[in-house]
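Comments concern the structure below.
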Amino acid sequence: MHSFQQTTRQLQRMYHRSHDISDLWMDKLFPKERQGCINFGYCKGLCFPITKEKRRRAAKQLYFLLFAQFPKKSRFVLEVGCGRGHGVYWLQQMRYEAYGIDILDEQIALCRKSYPHYYPYFQKGRAETIPFRNACFDVVYSLEAAQHFSSFECFCQEAHRTLQERGTLLIATYAIKSQEAIAPLTYAIPTGIEGFHNALVLADLISSLRKHHFYIPSSPKSLGHEIFPYYAAWHKQQLEGTSWNDLSDERKKWGPYYTGSSEEMHPWQRVYEEGLLDYYLIRAEKQSQ
């Protein structure tokens, strides 16, 4: 488990162009224009080659895949790790009363600047100490943020506290498939790499949810086949020609993959193909303690 301070520093390095490859990293991998989101993207129905427009659509599709899981009479919704704020905006347009929290001041400032009409719906907050009262949401969801939480256990406890009775918790993230997969993963994905630092073993994730009184009505839905091959191709395509000297020491841990020059299978696709890691959509329901 990482401390709150460690997690904050890692996220600040990851999401802000303070020290390396600027436009060749965040802006190219996660385009901002036309409500581009920071996630791997769900590419069902999209074919190669992956264009910038398809990349944007894939990132939006991942959000709407979660939205489709909301119970019909839901109204009050919280996104934990709201990033650029687009999810909250889309839900507001769909007549939900949606709120978003993020650990980073910079992200909340960006959300409020992008969507000034919804200024009060964006608040700084941690997944481990959600700044809302008990039993006030029908749905709490987290899209590709759980791997950043300093304590998934605390998040489960807080999600349970803030959900109404029989409320729904939705999580979309990548997870390690077993304890045995942890060691071989390090050959493809460097230990402590940004964006992977708190990745969970799937069984541990499920165990934490059950420990904190969530019922999981169906098996986690595997999405990796519609995510990793496309993201790997996009990553290589966008970073082709990046100079090695332009990379920070953190990025150099990935070797040639951050310059797009490797002919080998990209690490994200490799660990998925080898059955070490997958991307999951998990739906859980609050039960009484």
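If you're wondering where the values come from, they're calculated on a predicted model, not measured in any experiment. Scope of the values below: all heavy atoms of this structure, side chains included, with no hydrogens, waters or symmetry mates.
Contact check for Tyr279 versus Leu62: side-chain heavy atoms found under the 4.5 Å cut-off. The side-chain heavy atoms of Thr259 and Leu239, taken from C-beta on, include no pair separated by under 4.5 Å. Inter-residue side-chain proximity for Leu277 and Trp268 is flagged as met; some heavy-atom pair is nearer than 4.5 Å. Looking at Leu209 and Ile282, their side chains come closer than 4.5 Å, going by heavy atoms from C-beta outward.
With 3.5 Å as the limit, one finds no donor-acceptor pair spanning the side chains of His235 and Tyr258. Tyr215 and Gln287 share no side-chain donor-acceptor pair at under 3.5 Å. Side-chain atoms of Ser150 and Glu128 include a donor-acceptor pair closer than 3.5 Å. Counting only N and O atoms by type, the side chains of Tyr257 and Glu264 include a donor and acceptor under 3.5 Å apart. A side-chain donor-acceptor contact under 3.5 Å links Glu153 and Ser208.
For Glu180, the side-chain contact (heavy atoms from CB on, under 4.5 Å) partners are Ser178, not counting sequence neighbours. Partners of Asp204 by side-chain contact (heavy atoms from CB on, under 4.5 Å), not counting sequence neighbours, listed by chain and number: Gln179, Val201. Listed by chain and residue number, Thr191 satisfy the side-chain contact (heavy atoms from CB on, under 4.5 Å) test with Thr186 (two or more places apart in sequence, or in another chain).
How far NZ of Lys177 is from CG of Leu202: 9.0 Å, rounded to the nearest 0.5 Å. Atom CD of Glu79 sits about 9.5 Å away from atom CD1 of Ile101, to the nearest 0.5 Å. For the atom pair Cys136 SG and Arg161 CZ, the distance stands at 7.5 Å (nearest 0.5 Å). Note that CD of Gln147 is 8.5 Å distant from CG of Leu200, once rounded to the nearest 0.5 Å. Atom CD of Gln35 is separated from atom CZ of Arg57 by 14.5 Å, given to the nearest 0.5 angstrom. To the nearest 0.5 Å, the span separating CG on Leu91 from OH on Tyr118 amounts to 10.5 Å.
Nearest approach of Gly224 to Pro229, heavy atoms of both residues: O-CD, 3.5 Å. Residues Leu66 and Ser142 come closest through the heavy atom pair CD2-O, 4.3 Å. Minimum heavy-atom separation, Pro220 to Ile206: CG-CD1, 3.9 Å. Residues Glu285 and Pro217 come closest through the heavy atom pair OE2-CG, 4.2 Å. Considering every non-hydrogen atom in both Ser262 and Pro256, the closest pair reads CB-CG, 3.7 Å. Taking every heavy atom of both residues into account, Ile108 and Gly100 meet most closely at CD1-O, 4.5 Å.
Ring centroids of His86 and Tyr63 are separated by 6.0 Å or more, keeping the two rings apart.
Ring geometry for Phe155 versus Phe149: interplanar angle of 30 to 60°, hence tilted. In this structure, His160 and Phe214 have perpendicular ring planes: the angle between them is above 60°, well past the 30° mark. The aromatic rings of Tyr96 and Phe70 stand perpendicular to each other, their planes meeting at an angle above 60°, with 30° marking the opposite boundary.
In terms of hydrophobic clustering, with Ile, Leu, Val, Met, Phe, Trp and Tyr side chains grouped at heavy-atom distances under 4.5 Å, Phe152 and Ile182 are assigned to a common cluster. Note on Met265: it does not cluster hydrophobically with Ile227, by side-chain heavy-atom contacts below 4.5 Å among ILVMFWY residues. Under a hydrophobic-cluster definition in which Ile, Leu, Val, Met, Phe, Trp and Tyr are linked whenever side-chain heavy atoms come within less than 4.5 Å, directly or via other members, Leu110 and Val80 are assigned to different clusters.
For Tyr187, the OH atom sits in a loose shell: 12 or fewer heavy atoms of surrounding residues, nucleotides or ligands are nearer than 6.0 Å.
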Quiz: residues 71-78 side-chain donor-acceptor pairs under 3.5 angstrom, not counting sequence neighbours:
residue: Ser74; atom: OG; partner: Pro71; partner atom: O; Å: 2.8
residue: Arg75; atom: NH2; partner: Glu97; partner atom: OE1; Å: 3.4

Considering only distance and modelled atom types, tabulate donor-acceptor pairs under 3.5 Å from the side chains of residues 162-172, sequence neighbours left out.
residue: Thr162; atom: OG1; partner: Glu158; partner atom: O; Å: 2.9
residue: Thr162; atom: OG1; partner: Ala159; partner atom: O; Å: 3.4
residue: Glu165; atom: OE2; partner: Ser288; partner atom: N; Å: 3.4
residue: Glu165; atom: OE2; partner: Ser288; partner atom: OG; Å: 2.6

Could you go through residues 43-55 and list every donor-acceptor pair under 3.5 Å that involves a side-chain atom there, pairing it with any protein atom two or more places apart or in another chain?
residue: Thr51; atom: OG1; partner: Lys54; partner atom: N; Å: 3.2
residue: Lys52; atom: NZ; partner: Glu33; partner atom: OE2; Å: 3.0
residue: Glu53; atom: OE1; partner: Arg34; partner atom: NH1; Å: 2.9
residue: Glu53; atom: OE1; partner: Arg56; partner atom: NE; Å: 3.3
residue: Glu53; atom: OE2; partner: Arg56; partner atom: NH2; Å: 2.6
residue: Lys54; atom: NZ; partner: Cys47; partner atom: O; Å: 2.8
residue: Lys54; atom: NZ; partner: Pro49; partner atom: O; Å: 3.1
residue: Arg55; atom: NE; partner: Leu29; partner atom: O; Å: 3.3
residue: Arg55; atom: NH1; partner: Asn39; partner atom: O; Å: 3.4
residue: Arg55; atom: NH1; partner: Phe40; partner atom: O; Å: 3.3
residue: Arg55; atom: NH2; partner: Leu29; partner atom: O; Å: 3.4
residue: Arg55; atom: NH2; partner: Asn39; partner atom: O; Å: 2.5

Exercise for review: Show the numbers, then the answer: is there a side-chain contact (heavy atoms from CB on, under 4.5 Å) between Trp254 and Ile189?
Suggested key: CA-CA 7 Å; Trp254 285 94; Ile189 299 179; 4.1 Å; yes
Check your understanding: Is there a side-chain contact (heavy atoms from CB on, under 4.5 Å) between Asp278 and His225 once you walk through the steps?
Key -> CA-CA 9 Å; Asp278 203 346; His225 61 296; over 6 Å; no
Point to revise | Candidate pair His148 and Asn198, rule side-chain contact (heavy atoms from CB on, under 4.5 Å), full reasoning | key: CA-CA 6 Å; His148 296 311; Asn198 288 352; 5.9 Å; no
Practice item. Please report the C-alpha distance between Arg270 and Glu274 in whole Å, then the side-chain angles of each, then the deciding distance to 0.1 Å, and finally whether the side-chain contact (heavy atoms from CB on, under 4.5 Å) criterion is met. Key: CA-CA 6 Å; Arg270 174 183 166 189; Glu274 293 181 359; 3.3 Å; yes
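Here the rule is ring pair (Phe, Tyr, Trp, His ring centres under 6.0 Å) with Tyr89, and of Phe122, Tyr115, Tyr99 only Tyr115 fits it. Evaluated for a ring pair (Phe, Tyr, Trp, His ring centres under 6.0 Å) with Phe64, the options Trp90, Tyr141, Tyr42 yield exactly one hit, Trp90.
Look at Lys124 and Asp105 and you find a salt bridge, because one of the NZ, NE, NH1 or NH2 atoms lies within 4.0 Å of a carboxylate O, short of that distance.
Taking the ring centre of Tyr119 as origin, the terminal cationic atom of Arg112 falls inside the region bounded by 6.0 Å and 45° from the ring axis.
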